[in-house]
Amino acid sequence: MDGNGRWAKKRFLPRVAGHKRGLESVRDTIRACAEMGVEYLTLFAFSTENWRRPPDEVSFLMGLFMTALEREVDKLHRNNIRLHVIGSRERFSAEIVERIEQAEARTAGNGGLVLTIAADYGGRWDVMQAANRLLAQGVTRLDEAALAANLSMAYAPEPDLFIRTGGEQRISNFLLWQLAYTELFFTDLLWPDFDAQALNSAVASFRSRERRFGRTSEQLPETQRRG
């Protein structure tokens with residue numbers, strides 16, 4: 001979800017105004033995905049690298065995260081959405097960690113859209129924490145299945161579609177293991193301008209692609225071939 005600061009700058013507003021507006025796009029996207037029948041939605045909200053931002057901006061983002069946990073969880077619960085938060089929690093305040101745990105517990109029984117918020121998350125961190133967890137269990141030889149089972153998102157299938165807003169064309173340390181065969185979609189739209197129509201465009205692009213996973217087109221069922 002990239003471009004909040006640039007969205008604000010274009011309007012001669014402080015960067016925090018872009019983050020506030022970006023939260024509205026989060027709500028719109030969650031609603032659109034639920035209506036579309038998407039089963040898993042993962043939002044990269046705050047990376048391990050984002051701690052390098054100016055202290056006042058980081059402080060505002062932590063406050064915004066806290067506010068969202070306080071105000072949005074009831075809505076998620078009413079709409080049968082289950083919430084997960086992945087990433088390291090060591091640098092969060094005790095109050096934020098408590099709110100995260102309460103939100104996850106409250107929505108744990110919901111059977112609709114599984115919403116994951118990646119906060120203080122990095123793909124490299126994820127792989128390393130999975131490996132260290134296995135080493136702590138006494139595993140002496142790693143394999144793909146064991147590592148995957150210990151990643152932060154072991155509860156979810158690998159993503160079908162990755163969307164990045166803001167014009168940057170890289171994945172920036174997001175779900176490095178899981179994105180191996182994910183379709184990538186980049187848009188110049190800044191995150192606060194991303195809406196249901198933009199989401200539909202991304203999904204339409206995804207549906208037009210042929211996903212072979214190492215096979216040839218001729219090996220695919222007729223319904224999965226393109227062109």
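Remember, predicted model here, so these are calculated numbers, not experimental data.
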Listed partners of [X] passing side chain to side chain contact (heavy atoms under 4.5 Å, CB included), at least two apart:
X	value
V38	C33, M36, L113
R78	D74, K75
T165	D2, T187, W191, F194
A131	L142, L147

Sequence-distant partners of [X], salt bridge (charged side-chain N to carboxylate O under 4.0 Å, His left out), two or more places apart:
X	answer
D195	none
R124	none
D120	R91
E104	R89

Task: E24 atom CD, over 12 foreign heavy atoms within 6.0 Å - done: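 For E24, atom CD is crowded (more than 12 foreign heavy atoms under 6.0 Å).
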
- [ ] Before giving the answer on side-chain contact (heavy atoms from CB on, under 4.5 Å), spell out for M153 and E158 the whole-Å C-alpha distance, their side-chain angles and the decisive distance to 0.1 Å.
- [x] CA-CA 9 Å; M153 292 194 65; E158 294 183 351; over 6 Å; no

Minimum heavy-atom distance between [X] and [Y], given as atom pair plus value:
X	Y	value
A45	I117	CB-CG2, 3.8 Å
A154	A149	CB-O, 3.4 Å
L76	N110	O-ND2, 4.2 Å

- [ ] Just say parallel, tilted or perpendicular for the rings of W51 and F46, cut-offs at 30° and 60°.
- [x] perpendicular

How long is the span from the [atom1] atom in [X] to the [atom2] atom in [Y], to the nearest 0.5 Å?
X	Y	atom1	atom2	answer
N150	L134	CG	CG	4.0 Å
H84	I100	NE2	CD1	13.0 Å
F206	I163	CZ	CD1	10.5 Å
T116	L41	OG1	CG	8.0 Å

- [ ] Scan for side chain to side chain donor-acceptor pair (under 3.5 Å) pairs involving residues 167-180, sequence neighbours excluded, and state none if there are none.
- [x] E49-N173, R164-S172, E168-R170, R170-S172

- [ ] Keeping to residues at least two apart or across chains, list the side chain to side chain donor-acceptor pair (under 3.5 Å) pairs with something in residues 132-145.
- [x]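 Non-adjacent pairs meeting side chain to side chain donor-acceptor pair (under 3.5 Å): Q129-R133.
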
Using modelled atom types only, decide if a donor and an acceptor are shared between the side chain of [X] and the backbone of [Y] within a distance under 3.5 Å.
X	Y	answer
D126	S152	yes
T107	R82	no
S205	S201	no

Could you list the donor-acceptor pairs under 3.5 angstrom formed by side chains in residues 55-65, with sequence neighbours left out?
| residue | atom | partner | partner atom | Å |
| --- | --- | --- | --- | --- |
| E57 | OE1 | R15 | NE | 2.9 |
| E57 | OE2 | R15 | NE | 3.3 |
| E57 | OE2 | R15 | NH2 | 3.1 |
| E57 | OE2 | H19 | NE2 | 2.8 |
| E57 | OE2 | R53 | NH1 | 3.1 |

- [ ] Can you sort out the partners of F174 under ring pair (Phe, Tyr, Trp, His ring centres under 6.0 Å), two or more places apart, ordered by chain and number?
- [x] F44

Task: K10 side chain near L190 side chain, heavy-atom distance below 4.5 Å - done: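 With C-beta onward as the side chain, the pair touches.
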
Open item on the list: When you compare the side chain of Y121 with that of S47, does any pair of heavy atoms fall below 4.5 Å?
Closed with: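 No, side chains not in contact.
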
Open item on the list: With clusters defined by side-chain heavy atoms of hydrophobic residues (ILVMFWY) lying less than 4.5 Å apart, directly or transitively, does L179 cluster with V127?
Closed with: no

TODO: Output, in order, the C-alpha distance, side-chain angles, deciding distance and verdict of side-chain contact (heavy atoms from CB on, under 4.5 Å) for L83 and H77.
DONE: CA-CA 9 Å; L83 176 68; H77 186 55; over 6 Å; no

- [ ] Go through the steps for I30 and I81 under the test side-chain contact (heavy atoms from CB on, under 4.5 Å), then give the verdict.
- [x] CA-CA 9 Å; I30 293 170; I81 294 172; 3.7 Å; yes

